[in-house]
There are 2 protein chains.
Amino acid sequence: MAQVRPMRADARRNRERLLAAAVEAFAAQGEGASLDDIAKRAGVGAGTLYRHFPTRRALLEAVYSDRIEAIAERAGVLAERLPAGAALVAWLGELGLGMIQTRGLRALLSSSVRGGEDAGPGAGGSSSDCCDPLRRAVARLVRAAQEAGELRRDVGETDVLRLVHGVAIACGEAVGGGSAGDARDAGNAGDAGDAEGAEDAGERLRRYVGLLMEGLGPRGSR
Amino acid sequence: MAQVRPMRADARRNRERLLAAAVEAFAAQGEGASLDDIAKRAGVGAGTLYRHFPTRRALLEAVYSDRIEAIAERAGVLAERLPAGAALVAWLGELGLGMIQTRGLRALLSSSVRGGEDAGPGAGGSSSDCCDPLRRAVARLVRAAQEAGELRRDVGETDVLRLVHGVAIACGEAVGGGSAGDARDAGNAGDAGDAEGAEDAGERLRRYVGLLMEGLGPRGSR
DNA sequence: ACCTGAACACCGTTCAAGT
DNA sequence: ACCTGAACACCGTTCAAGT
């Protein structure tokens with residue numbers, strides 16, 4: 001899985017510089033940040049960026065995969081400490097909060113959640129996806145909650161993922177109509193005011209996830 | 001409100017050509033369609049497009065305002081024919097379907113629903129908004145449903161609008177991570193396959209709105 | 001094996017020159 | 001009063017030439 005041969009020293013260094021520049025750029029300008037700019041800030045040629053990360057998505061994945069895995073691992077912790085239903089709610093809250101705070105994360109889950117029916121991790125065309133850890137995590141939590149009778153049985157992992165994704169977008173500040181050219185406008189709002197806006201959005205998220213979970217509760221009860 | 005002086009004949013004609021070209025382009029390429037291309041297809045210079053529609057959003061509004069008003073008016077019809085709660089559900093379904101079928105509509109509501117707390121129509125900075133008719137429509141339906149005891153009282157119009165927006169995004173095919181450059185990619189999917197995808201998405205929407213409304217039901221009942 | 005940076009095709013936006 | 005289209009600044013992507 002990892003590269004068979006270690007990278008040449010300069011390549012490895014360039015890769016890291018690119019990643020560092022990308023982290024900053026995505027945080028400041030959003031997931032649409034100029035790739036050319038990232039290459040320049042990293043002090044490498046444009047071609048070098050494409051050699052390491054052939055698509056914007058590849059770069060996004062490289063930047064956020066750690067974060068995604070960290071969120072996925074929280075599922076296990078919460079499952080140990082809370083009853084199944086509460087664990088699911090708590091985890092969805094954390095996932096939603098991550099998506100609100102980090103535009104790149106939202107973008108990644110957006111494109112991962114598009115179309116298709118429920119399918120096992122990595123299925124849907126065998127195309128491996130950096131969001132698979134999230135899929136596996138939610139699948140475990142959902143199954144446990146259903147077996148505990150705290151979640152209706154006619155919803156699947158993908159339903160839950162899609163709904164939280166939608167709810168996060170419904171809460172978010174710089175909500176992503178974001179077509180070409182939005183990145184520059186959003187730049188200002190990205191630097192300052194994020195803390196304030198994210199706070200409000202975080203409260204909303206909690207409320208909305210709560211509402212959603214009442215709807216997802218076992219039929220007839222309550 | 002309407003222009004004081006009638007437009008010169010050629011201006012009027014150009015405006016209409018631009019609108020016609022924009023309708024086609026937005027339908028085919030999504031809300032990120034090239035403005036330059038729209039001007040070319042309309043057979044006018046780029047400057048003429050900017051004279052009539054200074055921003056992309058202005059063009060989007062001009063293209064979809066009729067559609068938005070039509071959806072808003074459906075609220076009155078449904079309110080007459082159905083009990084308050086059912087009317088709200090039905091209307092939200094229609095709104096969501098519109099957003100699923102029409103990317104431009106989704107983009108418009110996206111940027112209208114961003115940030116801010118509940119506020120009356122047109123409020124939130126006096127900036128008039130083409131989605132105000134939707135706000136007024138949902139406000140009436142929400143109030144009626146609350147007075148009929150069929151909707152919890154701790155949710156506002158904006159909450160409901162945001163949630164439906166989020167749910168529509170959760171359902172949609174070409175779900176809008178859509179940052180710079182996506183327009184061209186989405187072009188293929190925009191032409192064919194939309195009918196098929198929209199059907200699935202429509203079914204999902206109905207399910208999700210249903211789930212949501214169970215969560216939004218009056219507290220404690222059911 | 002990897003890097004550089006010029007080159008190409010595109011897009012949004014403005015503005016002098018036209019009618 | 002309105003239109004045209006060249007001009008400018010940007011961006012993504014590729015690729016020949018370097019080391």
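Just so we're clear, the structure is a prediction, and the values are computed from it rather than from any experiment. In what follows, chains carry the letters A, B, and so on, assigned in the order in which the sequence lines appear, proteins first and then strands, with residues in each chain numbered from 1.
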For nucleotides 2-4 of chain C, give me every protein contact, N/O to N/O, under 3.5 Å, one pair per line with atom names.
{"unit_1": "C:dC3", "atom_1": "OP1", "unit_2": "A:N14", "atom_2": "ND2", "d": "2.6"}
{"unit_1": "C:dT4", "atom_1": "OP2", "unit_2": "A:G45", "atom_2": "N", "d": "2.9"}
{"unit_1": "C:dT4", "atom_1": "OP2", "unit_2": "A:T48", "atom_2": "OG1", "d": "2.8"}

Taking atom C1' of D:dG12 as reference, at what distance in whole Å does atom CG of A:L49 sit?
10 Å

Give the rounded distance in Å between these two atoms: CG of B:L35 and C1' of C:dT14.
14 Å

How close or far is atom P of C:dC11 from atom CG of A:D36, stated in whole angstroms?
18 Å

Going by side chain to side chain donor-acceptor pair (under 3.5 Å), name the residues that satisfy it together with A:E24, two or more places apart in sequence or in a different chain.
none

Non-neighbouring partners of B:R8 that pass salt bridge (charged side-chain N to carboxylate O under 4.0 Å, His left out), sequence neighbours left out
B:D10

Figure out the CG/C1' separation between A:D37 and C:dG5, and round it to whole Å.
16 Å

Do B:H52 and B:M7 have side-chain heavy atoms sitting under 4.5 Å apart?
yes

Value in whole Å for how far the P atom of D:dG12 lies from CG of A:L18
14 Å

Identify each donor-acceptor pair in which a side-chain atom of residues 58-73 of chain A lies under 3.5 Å from a protein atom, sequence neighbours left out, and give them as a table.
{"unit_1": "A:E61", "atom_1": "OE2", "unit_2": "A:R57", "atom_2": "NE", "d": "2.9"}
{"unit_1": "A:E61", "atom_1": "OE2", "unit_2": "A:R57", "atom_2": "NH2", "d": "3.2"}
{"unit_1": "A:S65", "atom_1": "OG", "unit_2": "A:E61", "atom_2": "O", "d": "3.4"}
{"unit_1": "A:R67", "atom_1": "NH1", "unit_2": "A:T102", "atom_2": "OG1", "d": "2.8"}

Just the rounded figure in Å: distance from C1' of D:dA9 to NZ of A:K40.
12 Å

Lys/Arg N to Asp/Glu carboxylate O, B:R207 vs A:D159, below 4.0 Å
yes

List the residues meeting side chain to side chain donor-acceptor pair (under 3.5 Å) with A:R74, not counting sequence neighbours, and say none if there are none.
A:E94

Kindly write out the residues that satisfy side chain to side chain contact (heavy atoms under 4.5 Å, CB included) with B:A90, not counting sequence neighbours, or none if the list is empty.
B:L78, B:L82

Rounded off to whole Å, could you give me the CZ-to-P distance for the A:R56 and D:dC11 pair?
11 Å

I want to check one thing: is the phosphate of D:dC10, taken as OP1 and OP2, less than 4.0 Å away from some side-chain N or O of A:S34?
no

Distance in angstrom units between A:Y50 OH and C:dC8 P, rounded
17 Å

Side chain to side chain contact (heavy atoms under 4.5 Å, CB included) with B:V89: which residues, sequence neighbours excluded?
B:V209, B:M213

What residues form a side chain to side chain donor-acceptor pair (under 3.5 Å) with B:R41, not counting sequence neighbours?
B:D37

Defining pairs by Watson-Crick or G-U wobble geometry with both distances under 3.5 Å, how would you list the stems of DNA chain D with at least three pairs each?
C:4-8 with D:12-16, C:12-16 with D:4-8

